[in-house]
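To keep things clear, I will list the structure first and then write my remarks on it.
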Amino acid sequence: MKSLDELFNQINFSTILTTGRTGSDYLQGCLDNVPGVLTFSGAIFYYSFCDNFKLNNFEKTEPLKILELFLEKNKHLFTYDRVDNKSVDLDIKKFKENFNLICDKKKLSRQKFLLAIYLAYHMTLGRKTNNIKLLVHHSHNVDETKRFLKDFKDSKLLVTIRDPRANLKSGIVNWTNYRKIEDQRHYLFYIKRIREDLKYAKEQINEKFFLKLEEAGDSTTKKKLSDFLNIEFNSEINKATYAGKAWPGDKLSQF
């Protein structure tokens, strides 16, 4: 297996930004089991995690200590996520062992720590490490995306979009039905998100791929996506999985 430094300098990076209820989890799930791609079991709000634990200087902190904090904050990524309806049940002991092997007792930068947890997850699932070409991070919102693109400047940006009418309906009706409560602030948030988040995405100079939810299941679209990411088209991209398990969709969806 290549060292973390070698891998960091050789692979490409990409991140997923949603613009509402637009299928970002579906997109991530489709890339989950594609050979040569590093993914995770859901969106990681990595920079929020760093802020909450005041992790301003990774190089001065033991990686295993940071990992313990990450596991504590992100239990849903390793077990069961109720809202996203993802069941992973990852072997945490093995995950820690793989992470320790990757670190090789070295301190890590914020960027390399993120790569290390992706690689440890990949290895714990028993996936190959000799063909890794790409890491796909699910930053999900604008703030996380901004900071990811600052850390990984040459990353490609994957933006999920949808007919704004269907997007707004799903964002309001499905969340209201799920929470059993109406919240006018949430309505305003969704109206702004559909407009402002897409506006942000369009303004970025990074290479971008806009994936329409209405076309997300088409083979032609999946082939274009593979070409954009510079990965070989593989039939695994036609099905959404997490940790290799078929994903039925989140709890908010009506089907």
CD1 of Ile102 to CG of Leu119, rounded to nearest 0.5 Å, is 3.5 Å

For residues Thr15 and Ser155, is any side-chain donor paired with an opposing acceptor at under 3.5 Å? no

Under 3.5 Å, is there a donor-acceptor pair linking the side chains of Asn33 and Arg127? yes

From Glu144 atom CD to Phe148 atom CZ, the distance as rounded to the nearest 0.5 Å: 10.5 Å

Applying the 4.5 Å side-chain criterion to the ILVMFWY set and letting contacts propagate, would Leu67 and Ile92 be lumped into a single cluster? yes

Spatial distance of atom CG (Leu252) from atom CZ (Arg179) [nearest 0.5 Å]: 8.0 Å

Could you check whether atom CZ of Arg195 has more than 12 heavy atoms from other residues, nucleotides or ligands sitting under 6.0 Å from it? no

Determine the interplanar angle of the Phe113 and Phe70 rings, folded into 0 to 90°, and report it as parallel if under 30°, tilted if 30 to 60°, perpendicular if over 60°. perpendicular

Is it the case that Asp197 and Thr19 place a side-chain donor and acceptor less than 3.5 Å from each other? no

Report, as yes or no, whether the 6.0 Å neighbourhood of atom NZ on Lys212 holds more than 12 heavy atoms from other residues, nucleotides or ligands. no

Geometric cation-pi criterion Lys222 and Phe233, 6.0 Å radius, 45° cone: no

Any chance the side chains of Thr129 and His122 put a donor and an acceptor closer than 3.5 Å? no

Any side-chain heavy atom of Lys112 within less than 4.5 Å of one from Asp5? yes

Ring centres of Tyr190 and His186 under 6.0 Å apart? yes

Aromatic ring proximity, centroids under 6.0 angstrom, Phe78 and Phe40: yes

Single-linkage hydrophobic cluster, 4.5 Å side-chain cutoff, Leu108 and Phe8 together: yes

For a quick check under 3.5 Å, do Asp250 and Ser253 share a side-chain donor-acceptor pair by atom type? yes

Taking all non-hydrogen atoms of both residues, which atom of Asn131 and which atom of Pro35 are closest, and how far apart? ND2-CB, 3.9 Å

If you count every heavy atom of other residues, nucleotides or ligands that lies below 6.0 Å from Ile205 atom CD1, does the total exceed 12? no

Above 12 or not: heavy atoms from other molecules or residues under 6.0 Å from CD of Glu97? yes

Nearest 0.5 Å, please: how far is CG in Leu115 from CD1 in Ile132? 8.0 Å

Leu27 with Leu213, same ILVMFWY side-chain cluster at under 4.5 Å: no

Do Arg110 and Cys50 come within less than 4.5 Å of each other through their side chains, counting heavy atoms only? yes

I'd like to know if Lys86 pairs up with Asp25 as an ion pair, taking the criterion as any Lys NZ or Arg NE/NH1/NH2 lying under 4.0 Å from an Asp or Glu carboxylate oxygen. yes

Parallel, tilted or perpendicular: rings of His140 and His138 (30°, 60°): tilted

Establish, from distance only, whether the side-chain atoms of Tyr118 and His137 form a donor-acceptor pair under 3.5 Å. yes

Could you grab the distance from atom CD of Glu59 to atom NZ of Lys107, nearest 0.5 Å is fine? 9.5 Å

Can you tell me if Tyr242 and Asp84 form a side-chain donor-acceptor pair at under 3.5 Å? no

Let me check something: do Phe13 and Leu211 share a hydrophobic cluster, defined by ILVMFWY side-chain heavy atoms less than 4.5 Å apart, either directly or through other members? no

Are Ser170 and Arg21 close enough that a side-chain donor and a side-chain acceptor fall under 3.5 Å? yes

Tell me whether Lys65 at atom NZ has more than 12 heavy atoms from other residues, nucleotides or ligands lying less than 6.0 Å away. no

Flag for Asp91-Thr124: side-chain donor and acceptor within less than 3.5 Å: no

Would you compute the distance between atom NZ of Lys239 and atom CH2 of Trp247 and round it to the nearest 0.5 angstrom? 16.0 Å

In a check of ring pair (Phe, Tyr, Trp, His ring centres under 6.0 Å) between Phe49 and each of Phe45, Tyr47, Phe53, which one passes? Phe53

Surrounding CG of Asn130 (heavy atoms of other residues, nucleotides or ligands, distance under 6.0 Å), is the total greater than 12? yes

